[in-house]
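One structure is given below, encoded as structure tokens.
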There are 2 protein chains.
Amino acid sequence: MNIYGQHYRTIWVAENNPKIVQIIDQRPLPHDFIIEDLTTVQEVARAIKDMHVRGAGLIGAAAGFGMYIAAVTAPKDSQTQFIKAVQTAAETLKATRPTAVNLEWAVNRQMEAISQVEGDYTKKIQAAYETAVAIADEDADSCRRIGQHGVTLIEEISKQKKGEVVNILTHCNAGWLAFVDFGSATAPIYAAHDKGIPVHVWVDETRPRNQGARLTAWELGQHGVPHTIIVDNVGGHLMQHGMVDIVITGTDRTLYTGDVANKIGTYLKALAAKDNNVPFYVALPSSTFDWQHRDGVKEIPIEQRGDEEVRMINGLYNGQIIEAFLTPQDSPAANFAFDVTPARLVTGLISERGICAATEKGILDLYPDKR
Amino acid sequence: MNIYGQHYRTIWVAENNPKIVQIIDQRPLPHDFIIEDLTTVQEVARAIKDMHVRGAGLIGAAAGFGMYIAAVTAPKDSQTQFIKAVQTAAETLKATRPTAVNLEWAVNRQMEAISQVEGDYTKKIQAAYETAVAIADEDADSCRRIGQHGVTLIEEISKQKKGEVVNILTHCNAGWLAFVDFGSATAPIYAAHDKGIPVHVWVDETRPRNQGARLTAWELGQHGVPHTIIVDNVGGHLMQHGMVDIVITGTDRTLYTGDVANKIGTYLKALAAKDNNVPFYVALPSSTFDWQHRDGVKEIPIEQRGDEEVRMINGLYNGQIIEAFLTPQDSPAANFAFDVTPARLVTGLISERGICAATEKGILDLYPDKR
């Protein structure tokens, strides 16, 4: 999407030097826009581990490009040494975010691509390059198609409202910054905006890490999409007063029964949507489906993170990004990172394959290959 | 309640000098504990206006003591000048927070007390002193009785759980810092704790002004009540997992039909409580009832405050309380201060008169004088 009027992805190979991979360093956003060069596997690993890049789709793409950098930088003295270096890189990259499914998948795909090519190093490097680009392109294309399907929902509301602004509420950042381009929850919004449908987005700030206020607001603003930041407490009030036409969120894991795990607080917005007859949609690439588990609340383990994310906050002070302390010194804090929204509260799911009900039947009708 | 092991109220006359009123300056809490001397009407007015003190009960008490200071400092040359000074003080105090009902009520009560006394200035000052103390004592007593009634709910849960810790969730600060002592929502909690019933409080941080993380956590901690701070997104997850036994909040206005206006986000917690069969109670002194309106969502106007409360945050940095910027420079923010929880989501109300259902019948049975 656009930044300062120019099209960007979240990761790419430098135009003038194919040995450099470039990313948007997401840590200082929205206060600073910094493009970072990655030229070694260690730099890519650190970028993933320390969350210069984050989000399932983007982590996968970064791992793909990391393996390309591994091939570029591996010693070319012997076949054995080359393969050994690439294998070491694979282990290094996999260890950065052990629970990120896309990361392991991308690394394995690269290992296969690199080892299957016969011939000299140039050909192996070329294969790694093509695979990295393919992983990124596939991610972007998948999100683009989520947008194509999801935009029909916004178009329908726009028609019902006779062209009045369609108000969309979203939680956390399921935007293009979490993928290679377009995003998941934001893809239908960007598609509507780019088609000239008037939209306005209520952006939940999404405590404790403020991905909404920091990232979603920034990317919407840069692309020119009208939006307003609200604290996480506000959505229910807006829905009571007819100020939200549709909720669209992303998800970290969605069961084939329709239960949705997503950023903490999503469940509360889904309850309010249900109570006020506001449609509640979840956008996801197919890779986010969990085909094993049936009961989200009982079966999905919820990560607890450090209490410092609740007790401190990052912000800009005197031109510097600092961390301020918010709570009494002696008060403990708990930090549950996700919650589960039961399928009964979810109106539908939007994937790159289409839109379906958040029910076992609805999902398996769209994915007959999973029956 | 206790601070550093010593009993405090939020406002009192200095022990060694009856011409000084003292308050806890609540602005630097929880980072600094500062007692402020008030010796002029202007100082009292500024303390109310700039929120050194806040909360319906405490604002009323501060206005009462402000009128006492007015009598102490008024010129004693002539009856006319004395009364004129007291009247000017009354107008000054009333103008500080024009929508605070208790403020006007306390000032008027003082005007009547002062003007009804016959005789010299000493007697009028004595009447003003006694009235100020009476207003404060009545507020504290009312909260104490809310505690006596509300503690029965906690005792009942404690029995059902065979003495296991009772987990209570609260939102915002309806604690003793908002009143003279005990608080409204916290009164049953302090009563239970002081009786030796094991309790633990989940404290919603309550964005955007963080009254939970700053004030509720601090006052619970100072009184020794076990508690954990959570971001506002977490309560639903806790209730899904049986980690909340009862929700108790305060209210800014409760209709005689049972609809509850309270700090933004209360409605979302009430929805989650209903969805998980967790009892949801609202504690209030009788003065908070609105006997005029029937439909909270339609009829209660919701204050919108400045966007800087969403875009900036107060915190401690390098030993200083600073304001940090959280959002993109160009992203607008909206700041709705309250929401309305419909009566159907409220299990019951706790006032100094007792506990009743949040229905017109339940409320009027407890207040037959309002029929």
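A, B, ... follow the sequence lines: proteins, then strands. Residue 1 opens every chain. Since the structure is predicted, the reported quantities are computational estimates derived from the model, not experimental observations.
- With a 4.5 Å cut-off on non-hydrogen atoms, His227(B) touches chain A through its backbone and its side chain both.
- When the candidates Val234(A), Val203(A), Asp330(A), Leu271(A) are compared by the number of heavy-atom contacts under 4.5 Å with chain B, Leu271(A) comes out ahead.
- Paired with Pro328(A) under the rule side-chain contact (heavy atoms from CB on, under 4.5 Å), one option of Ile229(B), Leu29(B), Thr216(B) passes, and it is Ile229(B).
- His237(A) and Phe336(B) have tilted rings, their planes meeting at an angle from 30° to 60° on a 0 to 90° scale.
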For side chain to side chain contact (heavy atoms under 4.5 Å, CB included), just list the numbers for Tyr317(B) and Phe325(A), CA-CA rounded to whole Å, side-chain angles, deciding distance to a tenth of an Å, and then say yes or no. CA-CA 7 Å; Tyr317(B) 175 65; Phe325(A) 206 86; over 6 Å; no
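- When each of Asp232(B), Thr206(B), Val310(B) is checked for a side-chain contact (heavy atoms from CB on, under 4.5 Å) with Val231(A), only Val310(B) meets the rule.
- When heavy atoms are compared at a cutoff of 4.5 Å, Leu268(B) approaches chain A by way of both its backbone and its side chain.
- For a residue to count as touching a neighbouring chain, one of its non-hydrogen atoms must lie under 4.5 Å from one of that chain's; by this rule Gln329(A) touches chain B with the side chain only.
- Annotation: maximal heavy-atom pairing with chain A below 4.5 Å, among Asp339(B), Leu238(B), Ile230(B), Val297(B), occurs at Val297(B).
- Chain A forms the most heavy-atom pairs under 4.5 Å with one residue out of His171(B), Lys298(B), Met312(B), and that residue is His171(B).
- When every heavy atom of Ala324(A) is checked against every heavy atom of Ile322(B), the shortest pair comes out as CB-CD1, 4.4 Å.
- Highest contact tally toward chain A, considering only Ala337(B), Gly221(B), Gly315(B), is held by Gly315(B) [criterion: heavy-atom pairs under 4.5 Å].
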For Asp275(B) and Tyr267(A), what are the C-alpha separation, side-chain angles and deciding distance, and is it a side-chain hydrogen bond (donor to acceptor under 3.5 Å, both in side chains)? CA-CA 11 Å; Asp275(B) 201 44; Tyr267(A) 166 53; 2.7 Å; yes
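- The CG atom of Asp204(A) lies 7.0 Å from the CG atom of Asn233(B); values are rounded to the nearest 0.5 Å.
- Top candidate by heavy-atom pairs under 4.5 Å with chain A, chosen from Val340(B), Asn335(B), Asn210(B), is Val340(B).
- If you measure heavy-atom distances from Asn314(A) to chain B, the contacts under 4.5 Å come from the backbone alone.
- Heavy-atom pairs under 4.5 Å with chain A peak, among Gly212(B), Pro226(B), Ala272(B), Gly235(B), at Ala272(B).
- Summarising the geometry, atom CZ belonging to Arg207(A) is positioned 6.5 Å from atom CZ belonging to Arg207(B); distances are rounded to the nearest 0.5 Å.
- Contacts of Ile321(B) with chain A are absent, with no heavy-atom separation under 4.5 Å from either backbone or side chain.
- Residue Leu220(A) does not touch chain B at all, counting heavy-atom pairs closer than 4.5 Å.
- Only the side chain of Glu205(B) comes within contact range of chain A, with heavy atoms under 4.5 Å apart.
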